[in-house]
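Working notes, beginning with the structure itself.
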Protein chains: 2
Amino acid sequence: MYSKELLKGTLTAIILKLLADHEKMYGYEISQHVKELTGGKIHLKDGSLYPALQKMTADGLLSYKEEYIGKRVRKYYFLTKKGQKEKIAYLEELRDFIGTLNKIVFPQLKSI
Amino acid sequence: MYSKELLKGTLTAIILKLLADHEKMYGYEISQHVKELTGGKIHLKDGSLYPALQKMTADGLLSYKEEYIGKRVRKYYFLTKKGQKEKIAYLEELRDFIGTLNKIVFPQLKSI
DNA sequence: TTTGATACATCATAATTCTATGTATATTCG
DNA sequence: CGAATATACATAGAATTATGATGTATCAAA
C-alpha cells in the first residue's frame with residue numbers, strides 16, 4: 001500500500017477508466033478489480049470508494065441502476081454522457097501530470 | 001496547472017529530489033526551479049511550499065542555514081542524513097505508484 | 001518613485017481519503 | 001448445523017495537505 005495521500009486526485013480517474021472499459025460495475029466489483037490489477041498495491045477502502053461514487057453521481061459523471069441478487073442489492077454504476085466526455089479530459093490530465101512528474105523526479109527515464 | 005489534488009503526496013518527493021541534486025536551495029529558488037522544469041505546469045504556491053519545508057524540517061528530513069543577501073534573509077535548505085536515506089524510499093514509492101497507475105489507466109503503454 | 005520581483009510567513013478554508021463503525025445477506029468449511 | 005468469512009452497501013468524524021488570502025519587507029528596474 002502506498003502512503004495514502006498519493007492516491008488523492010487519481011481515484012476519480014481510475015473509476016472513470018474502469019467504467020469506460022466495463023460498461024457497468026458495482027462498487028465491490030470495482031474495489032476487487034483494482035486490487036487484482038495492482039497486485040494488492042492499491043486497495044480502495046469502503047470509506048473512500050462509496051463516497052466517491054456518490055459524489056461522482058452527484059456531479060453527473062455517473063448514474064446507476066439497482067439490481068437484486070437474492071435479497072442483496074447491487075448498485076451498477078455506468079458513465080453518463082457527461083462522464084464519457086469528461087473521462088477524456090481527466091485521463092489526459094493524469095497522463096500529462098505523470099509525464100511531468102517523471103521529468104522532475106526521474107529525468108534519466110524517457111518520458112512516457 | 002493541474003487540479004490541485006493531483007499534487008498531493010508528491011510535494012515531499014519533489015523537494016527531496018531537488019535537494020538531492022542541488023545540495024542546498026532556498027524556498028523561492030525551489031519554486032522557480034519547479035516552474036521552469038515543468039514549463040509552468042506545476043507552480044508551487046507560497047502557502048504550500050513554505051509550510052512543507054517547515055514540516056520536513058520538523059520531521060528531520062531537512063535542515064537549513066540562513067544567509068543574508070544584503071538585508072534580506074535566505075534559508076538554504078539541505079538534506080539531513082535521515083533525509084538522504086528516506087529520499088530513496090520516497091522516490092521508490094513514487095516510481096512504483098506511477099508504474100501501477102500506468103498499468104491501470106494506460107495499459108496500452110509499456111510500464112516504466 | 002512606483003511597479004514588479006524577491007523572500008519569507010501564517011491562518012482559515014477546501015478537498016479528499018481514511019478509520020471506525022454499522023447493517024445485512026450469502027457462502028464455505030469444519 | 002454453526003461459525004467464520006466474503007459480499008455489499010452506508011455514514012460520521014478525523015487526518016492530511018494544498019490553496020487563497022493576507023501580511024511584512026527588501027531590492028532592482030523603468
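Chain identifiers are assigned alphabetically (A, B, ...) following the order of the sequence lines, protein sequences preceding nucleic acid strands; residue numbering begins at 1 within each chain. Only heavy atoms go into these numbers, but all of them, side chains included; no hydrogens, no water, no symmetry mates.
With rounding to whole Å, A:His43 atom NE2 is found 11 Å from D:dT7 atom P. Put simply, CG on A:Leu49 is 14 Å from P on C:dT19, counting in whole angstrom units. Across the protein-nucleic acid pair, A:Lys55 atom NZ and C:dA15 atom P stand 8 Å apart, rounded to whole Å. Whole-Å rounding puts the A:Glu66 CD to D:dC9 C1' distance at 10 Å. With rounding to whole Å, B:Leu6 atom CG is found 15 Å from D:dT19 atom C1'. Protein atom CD1 of B:Ile42 is 12 Å distant from nucleotide atom P of D:dA18, rounded to whole Å. Distance OH (A:Tyr64) to C1' (D:dA10): 12 Å, rounded to an integer number of Å. To the nearest angstrom, C1' of C:dA14 lies 14 Å from CD of A:Glu5.
The phosphate of D:dA6 has neither OP1 nor OP2 within less than 4.0 Å of any side-chain N or O from A:Gln32. B:Gln54 has no side-chain polar atom (N or O) that falls below the 4.0 Å cut-off from OP1 or OP2 of C:dC8. The phosphate of D:dA18 has neither OP1 nor OP2 within less than 4.0 Å of any side-chain N or O from A:Lys8. Remark: A:Tyr50 is in phosphate contact with D:dC9, judged by side-chain N or O atoms under 4.0 Å from OP1 or OP2. Within the structure, every side-chain polar atom (N or O) of B:Lys75 is placed at least 4.0 Å from both OP1 and OP2 of C:dA7.
Residue B:Lys35 holds its NZ atom at 14.0 Å from CD1 of B:Ile30, rounded to the nearest 0.5 Å. Put simply, CE on A:Met25 and CG on A:Leu62 are 12.5 Å apart, with the number rounded to the nearest 0.5 Å. Interatomic distance, B:Phe97 CZ to A:Thr38 OG1, rounded to the nearest 0.5 Å: 10.0 Å. Here CG of A:Leu44 is found 9.5 Å from CG of A:Leu53. Values are rounded to the nearest 0.5 Å.
For the pair A:Arg95 and B:Phe106, the cation-pi criterion (under 6.0 Å, within 45° of the ring axis) is fulfilled.
Of the residues near DNA chain D, A:Gly47 and A:Arg74, the one whose nearest nucleotide (by heavy atom distance) lies more toward the 5' end is A:Arg74.
Of the candidates D:dG20, D:dT11, C:dT19, the closest approach to any side-chain atom of A:Pro51 belongs to D:dT11.
Contacts between residues 20-28 of chain A and DNA chain C, counted as heavy-atom distances below 4.0 Å, involve no residue at all.
Within 4.0 Å of B:Leu44, counting heavy atoms only, lies no atom of the nucleic acid at all.
Side chains of A:Val105 and B:Ile98 form no contact here, defined as non-hydrogen atoms less than 4.5 Å apart.
In this structure, the ring of B:Tyr64 has its center no less than 6.0 angstrom from the ring center of B:Tyr76.
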Pairs: protein N or O with nucleotides 27-30 of chain D N or O, under 3.5 Å:
| from | atom 1 | to | atom 2 | distance (Å) |
| --- | --- | --- | --- | --- |
| D:dC27 | OP1 | B:Lys71 | N | 2.7 |

Could you walk me through whether A:Tyr28 and A:Asp46 pass the side-chain hydrogen bond (donor to acceptor under 3.5 Å, both in side chains) check?
-> CA-CA 8 Å; A:Tyr28 191 78; A:Asp46 289 5; over 6 Å; no
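Clustering ILVMFWY residues whenever any of their side-chain heavy atoms sit less than 4.5 angstrom apart, transitively, puts A:Phe78 in a cluster other than the one holding A:Tyr26.
In this structure, A:Glu23 places its CD atom where only 12 or fewer heavy-atom neighbours from other residues, nucleotides or ligands lie under 6.0 Å away.
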